[in-house]
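See structure below.
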Amino acid sequence: MHRRHLMTGATALAICLGTLAAAQSLPPLEQKERYKVGFAQMESNNPWRIAETKSFQDTAASCGWDLIATDAAGSAAKQVADVDSMIAQGIDVLFLPPREEKPLIPAVKKARAAGIPTFLVDRSVDPDAAKPGEDYVAFLGSDFIDQGRRVAEWVIENFDGDKGIIVELEGTTGSSPANDRKQGFDERIVQDDRFEIVASQTGDFARDLGRQVMETLLQAHPDVNIVYAHNDEMAIGAIQALELAGRSPGEDVLVVSIDGTRDALQAIIDGKMGVTVESSPFFGPLGCEVMKRYAAGEEIEPWVQVKDRIFTAENAADHIDEAY
Ligand code: AHR
C-alpha cells in the first residue's frame, strides 16, 4: 500500500515534470515588426544552393528580416561555427540546412540552449539525436525517399531494354538526401529483376566529382546503360563523362536524377536525360510563413512537407523559363 502510494507520487511527479518539459521544450518567438534571422548555408558550389540562398535574401525585405547569411564552403565544422557566431550576434530565429545528419547536431542543440527557435530547411539531422518539437521547431522540406522511389518507378516504366545495368552517383555521404534518395530508389528498383545496381559511389552532389567518378566507373562497368544521380549537377557531370567516352546519353544510356535545374531541363529537352524529380530550393517564402505562424502561437507540424513535381520530355520546355 505504502509502496503503491510512493509509486503514485513518483508517477505524478514524472507527469508533472514531463508536462513542464513539454511546455518549456521550444523557445518562444515574440510577434514583432523585424527579426534578426540567421541562414547558415552549407556551400555555394551549385545552382541549387545559390537559388536557396537567393530565396532567403529575396524574402528578407517582405518578411521583416534582418538577414545574416553565411556560407560554410562545404565544411560541416564551419557550418557549426557559423551558427555559433550567429548565436553570439543575437539572432531571433535560425534557418539551418544541415550539411550532414550527425555533425550538425551540436549546432541544433546550442541554438536550442540559447533560446533560439530553429527551423531545419531542405535537409534534416539524425532523428535519434535531435527531434522536431523538442530540439528544433520543425523540418521544412521534401520527401527524399519518395523522390528516389519516383525516379525508380519512372525507370521501370520507361526503360525499354532487357537488362538495366545501373550506376548510382550518391550525394554527400552522411547527408539526409543521399541516405534517403538511395533508400527510395534501391528498394523500389530491386523489385523488378530486370535491373541491377553494379556500382554506387559518392559524387558529393558536385558536377566535377560526378564527372570524375563516372569516368572511373565507366572503365569498370563499360556495359552500364542507366545512370541514377542523386542530383542534377552530378547527372550533368555524368553526361559529360559519357560523351567523352564516346557514349550517347539518351540513346545508349538513360540518365535520371533529382532537382529540376535549368541545365537538367535543357538536357531533357536535348534528349540526353530522361527525368528529373523536382526538389525545390525556394524555401524563403515558406520559411517566412511558418515562422510567422510560430510567432502567432500556432503549433507547427513536425514536418512541413514540400510537394515535388516531375519533369520529363513532355513538360520540360514548359518549365525551363522558371528554372534556376
Ligand atoms: O538537399 C538538397 C540537395 O542538396 C539538392 O538535391 C542538391 O542539389 C543540393 O546540394
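This is a predicted model, so every value here is computed, not measured. Positions are given from 1 along the sequence. We count ligands from 1, going down the list as the structure has it; atoms in each ligand are counted the same way. Any value given below was found using the heavy atoms of this structure, including those in side chains, with hydrogens, waters and symmetry copies removed.
Annotation: F39 is not in aromatic contact with F95 [ring centroid separation under 6.0 Å not met].
Within a 6.0 Å sphere centred on CG of D160, other residues, nucleotides and ligands contribute 12 heavy atoms or fewer. Remark: D318 CG is packed, more than 12 non-hydrogen atoms of other residues, nucleotides or ligands lying under 6.0 Å away.
Pairs engaging residues 285-314 under the disulfide bond (SG atoms under 2.5 Å apart) rule: C63-C288 [sequence neighbours left out].
Going from atom CG of L96 over to atom CZ of F119 covers 12.5 Å, rounded to the nearest 0.5 Å.
At a 4.0 Å heavy-atom cut-off, the residues surrounding ligand 1 are N46, W48, R49, D122, R123, P177, R181, N231, D259, listed by chain and number.
Of the N and O atoms on the side chains of S176 and R99, not one donor lies less than 3.5 Å from an acceptor on the other residue.
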